[in-house]
There are 2 protein chains.
Amino acid sequence: MSDAEDAGHRRAGRPLETVLTKPRITAAALRLIGATGYASFTMSGLARSLGVAPSALYNHAASKQVVLQWLQDHVMTMVDVAGFGAERWDTALRRWAWSYRDIFATHVPLISIVAVLPVTGAPQTLRMYETVAAGLAAAGVPSAQIVPSIVALESFIFGSAFDVTAPADIFETGALAQSSPIFSAAVGHGHENTEKSRADVAFEFGLEALVDRIDGLRRP
Amino acid sequence: MSDAEDAGHRRAGRPLETVLTKPRITAAALRLIGATGYASFTMSGLARSLGVAPSALYNHAASKQVVLQWLQDHVMTMVDVAGFGAERWDTALRRWAWSYRDIFATHVPLISIVAVLPVTGAPQTLRMYETVAAGLAAAGVPSAQIVPSIVALESFIFGSAFDVTAPADIFETGALAQSSPIFSAAVGHGHENTEKSRADVAFEFGLEALVDRIDGLRRP
DNA sequence: ACCTGAACACCGTTCAAGT
DNA sequence: ACCTGAACACCGTTCAAGT
């Protein structure tokens, strides 16, 4: 659908040879970031990967920020919302939340963009919100409580996505252990559980707290 | 204490005239960011505010990232932990959480730093963790549950800090309202509550969910 | 309408030279 | 030990000139 809207201005009968469309730029950016990460993602690099001069990009995207906005909205389509309407509401919600966290843990720099970009500029993001909202409404969550529920979940998900990228020993107090005995002992207890990562344990704890609260909002 | 440790290498009897100490650089950075924001915060600007050449900073901080790490740890001392030991555990926890969110809402670029910086490099941050951990332990939260509780709260707080900076109309669907009827209706209900912001309503909802869960962990 | 190549106004950081 | 000034290797972005 975005392919059509982007190429819509070309004349009928004229062969399609334009490389620089919004979906193609987005796809190239996603590929490039997947290969080398966000730190080395530059407009020059993006242009090179598309076989074009850097300045050519500015005929299609007003700024690098806009390219990242396109990418953010595209990444949202990768979040798993298939549970809604197919599974129990809470199973669908957990599936969505875990998938959402995992995807943004690999796209952390996009978090600051989703968090402040109006939904009118991100149609796929709005689509996701609609699916989740419909799932909550069908479960009996009152309309007035849907936005606070989604925002609270999303805030927790974004913060947890950061946490996934933290080093495993982030809480090791080392030489400072004497000055923080209670916290250091608590960190020590964490080493007993080896099957699940520290980030996963905390995410599960918080997610269940939120799901439980949302459960309490439901009306028959 | 950091004043002493930083100036500790100077000889006794030699007058203190050095401007570029860790606490002074940190204070200057905080002042500069308070005045003009993170977007325009540069090493050149920081050097200018200290009356020094940009390259002089590199005799004290290895990189701009290090300056931001110092700043992050300093900002942590501004978080309100005074409730612990003085108020009921849950009152203290709420007070801490709201203050933590508010401070990082004005220092959003520091979030990605706290989230991944080992505590050994951030003594004030560790101090805060110790105070919160002690508060939870005194409330009866088992040692093994303290880290997941703090991490879940912190993740929620970081995500919520982003949310505070979002424009008020971020969820207004506008022309796309037809394609998202349930979500748009839910957003409409939000306008009824005018005394509290959307971000505050969601933060309160999520925070109470987490506090409640932590309450359930307590043992006598 | 859209591309190229050169240029601009920055960045953070390094380093020889000073004291 | 620590500062200056010049330089380096980049950035994102603009714009005249082409087709």
Side-chain angles (χ1 to χ4, degrees), chain A residues 2-26 28-29 32-33 36-72 109-110 112-113, chain B residues 3-29 32-33 36-72 109-110 112-113:
Chain A
S2 37
D3 244 310
E5 97 190 8
D6 271 49
H9 54 73
R10 75 177 186 272
R11 312 235 179 79
R14 185 147 148 261
L16 173 69
E17 52 195 30
T18 320
V19 178
L20 296 184
T21 61
K22 174 171 159 178
R24 280 184 224 223
I25 293 173
T26 304
L32 205 55
I33 286 164
T36 63
Y38 279 90
S40 64
F41 176 66
T42 64
M43 291 297 268
S44 293
L46 180 58
R48 197 182 321 119
S49 81
L50 286 158
V52 107
S55 54
L57 290 171
Y58 290 86
N59 288 313
H60 306 271
S63 65
K64 184 183 182 182
Q65 185 68 11
V66 167
V67 175
L68 290 172
Q69 287 175 2
W70 292 350
L71 187 61
Q72 180 270 299
L110 296 183
S112 59
I113 295 175
Chain B
D3 245 311
E5 98 188 9
D6 272 53
H9 53 72
R10 73 174 189 273
R11 311 232 180 81
R14 182 145 151 263
L16 173 68
E17 53 194 30
T18 321
V19 177
L20 297 183
T21 60
K22 173 171 160 179
R24 281 186 224 223
I25 293 173
T26 306
L32 204 55
I33 286 165
T36 63
Y38 280 91
S40 64
F41 176 67
T42 64
M43 292 297 269
S44 293
L46 180 58
R48 198 181 322 121
S49 81
L50 286 160
V52 107
S55 54
L57 291 171
Y58 290 87
N59 288 312
H60 306 270
S63 65
K64 183 182 183 181
Q65 185 68 12
V66 167
V67 175
L68 290 171
Q69 287 175 4
W70 291 350
L71 187 61
Q72 180 268 297
L110 297 182
S112 59
I113 295 173

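Proteins come first, then strands; the chains are lettered A, B, ... in the order of their sequence lines, and each starts at number 1.
- Between B:Leu57 atom CG and C:dC11 atom C1' there is a gap of 14 Å when expressed in whole angstrom units.
- Here the shortest heavy-atom pairing between B:Leu110 and B:Gln72 reads CD1-CA, 3.9 Å.
- For A:His60 and C:dC3, the shortest distance from a side-chain N or O to OP1 or OP2 is below 4.0 Å.
- Whole-Å rounding puts the B:Met43 CE to C:dT14 C1' distance at 12 Å.
- C:dC10 atom C1' lies 15 Å from atom NZ of A:Lys64, rounded to whole Å.
- If you check distances only, the side chain of A:Ser55 does reach the base of C:dG5 with a donor-acceptor pair under 3.5 Å.
- Ranking C:dT13, C:dC2, D:dC3 by closeness to the A:Asn59 side chain, first place goes to C:dC2.
- Here the closest heavy-atom approach between residue A:Tyr58 and residue A:Ser63 is recorded as CE2-CA, 4.1 Å.
- Separating the CG atom of A:Leu46 from the C1' atom of D:dC10 is a distance of 17 Å, rounded to the nearest angstrom.
- Taking atom OH of residue A:Tyr38 and atom P of nucleotide D:dC11, one finds them 17 Å apart after rounding to whole Å.
- Nearest to the side chain of B:Tyr58, among D:dC3, C:dT13, D:dT4, sits C:dT13.
- Annotation for A:Thr42 and A:Lys64: closest pair CA-NZ, 4.4 Å, computed over non-hydrogen atoms.
- One atom, CD of B:Gln65, and another, P of C:dG12, lie 12 Å apart when rounded to the nearest Å.
- Residues B:Ser49 and B:Ala28 share a closest heavy-atom pair of OG-CB, 3.9 Å.
- Base pairing annotation: C:dC15 forms a Watson-Crick or G-U wobble pair with D:dG5, both donor-acceptor distances under 3.5 Å.
- In this structure, C:dC10 makes no Watson-Crick or G-U wobble pair, since no nucleotide meets both defining distances under 3.5 angstrom.
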